[in-house]
**Student:** 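Input: one structure, supplied below.
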Amino acid sequence: TIEVSSDSGAGLVKVVVNGKKELISVEIDESILNERDMVQDLVVAAINKGLKEIDIKILLIIFRQVYLICIMAPAHKAIISSLRYQYGSI
């Protein structure tokens, strides 16, 4: 499972978002609980930051897999060509 931890307000609000873009957890520092507007703003900021970070993490995983496939493709072609040469049509 892919997860990203993110925060806002210098760590006053912390969230965890997974690869399905689900909010897993929210932590709010007790020192700001009486400031409703600030809490709302920081929660929204932390979630948005986490969603952007999970998008980046997912893209990096996809790019890594595509890169590996592209690297392996010539090797597969060489193996198949070698087998065709040795054993005829496959």
Side-chain angles (χ1 to χ4, degrees):
T1 304
I2 303 167
E3 289 187 352
V4 168
S5 298
S6 185
D7 66 69
S8 65
L12 293 174
V13 174
K14 298 176 185 176
V15 299
V16 176
V17 178
N18 71 14
K20 295 178 184 178
K21 297 188 181 181
E22 299 170 331
L23 182 62
I24 302 300
S25 67
V26 178
E27 272 183 51
I28 301 171
D29 191 282
E30 291 181 18
S31 67
I32 62 167
L33 286 178
N34 60 348
E35 300 181 39
R36 185 173 187 212
D37 290 339
M38 179 190 292
V39 170
Q40 290 175 340
D41 291 344
L42 292 178
V43 167
V44 169
I47 292 170
N48 286 336
K49 183 179 173 188
L51 290 172
K52 287 178 187 174
E53 290 176 7
I54 202 73
D55 281 342
I56 291 168
K57 192 168 188 176
I58 290 168
L59 283 174
L60 288 174
I61 291 169
I62 292 169
F63 287 151
R64 186 179 309 131
Q65 295 301 317
V66 169
Y67 176 75
L68 290 174
I69 290 169
C70 289
I71 287 176
M72 294 304 293
H76 290 307
K77 287 179 184 176
I79 291 169
I80 290 169
S81 294
S82 175
L83 290 173
R84 282 188 180 142
Y85 176 75
Q86 292 176 359
Y87 302 106
S89 184
I90 296 175

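The first residue in the sequence is number 1, and the count goes up from there.
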**Student:** Check side chain to side chain contact (heavy atoms under 4.5 Å, CB included) between Asp55 and all other residues, then give those that pass, not counting sequence neighbours.
**Tutor:**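 Partners of Asp55 by the side chain to side chain contact (heavy atoms under 4.5 Å, CB included) criterion, ordered by chain and then number, come out as Lys21.
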**Student:** Among all residues two or more places apart in sequence or in another chain, which pass the side chain to side chain contact (heavy atoms under 4.5 Å, CB included) test with Val16?
**Tutor:**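 Only Glu3, Ser5, Ile24, Ser25 meet the side chain to side chain contact (heavy atoms under 4.5 Å, CB included) criterion with Val16.
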**Student:** Linking Ile, Leu, Val, Met, Phe, Trp and Tyr through side-chain heavy atoms less than 4.5 Å apart, which residues share a cluster with Ile56?
**Tutor:**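 Taking Ile, Leu, Val, Met, Phe, Trp and Tyr as members, Ile56 shares its hydrophobic cluster with Leu60.
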**Student:** Can you give the donor-acceptor pairs under 3.5 Å from side chains of residues 30-48 to other protein atoms, not counting sequence neighbours?
**Tutor:**
residue: Ser31; atom: OG; partner: Asp29; partner atom: OD1; Å: 2.6
residue: Asn48; atom: ND2; partner: Val44; partner atom: O; Å: 3.4

**Student:** Using distance only, find each side-chain donor-acceptor pair of residues 62-72 under 3.5 Å and give its atom names and separation, not counting sequence neighbours.
**Tutor:**
none

**Student:** Per the side chain to side chain donor-acceptor pair (under 3.5 Å) rule, what does the pair list look like for residues 11-20, sequence neighbours excluded?
**Tutor:**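 As it turns out, the side chain to side chain donor-acceptor pair (under 3.5 Å) pairs with a partner in residues 11-20, which skip direct neighbours, are Asn18-Glu22.
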**Student:** Under 4.5 Å between any side-chain heavy atoms of Asp7 and Lys49, yes or no?
**Tutor:**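 Yes. Closest side-chain heavy atoms under 4.5 Å.
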**Student:** Against Glu53, only a single residue in Val17, Ile58, Val4 fulfils side-chain contact (heavy atoms from CB on, under 4.5 Å); can you say which?
**Tutor:**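 One option only clears the test, and that one is Val4.
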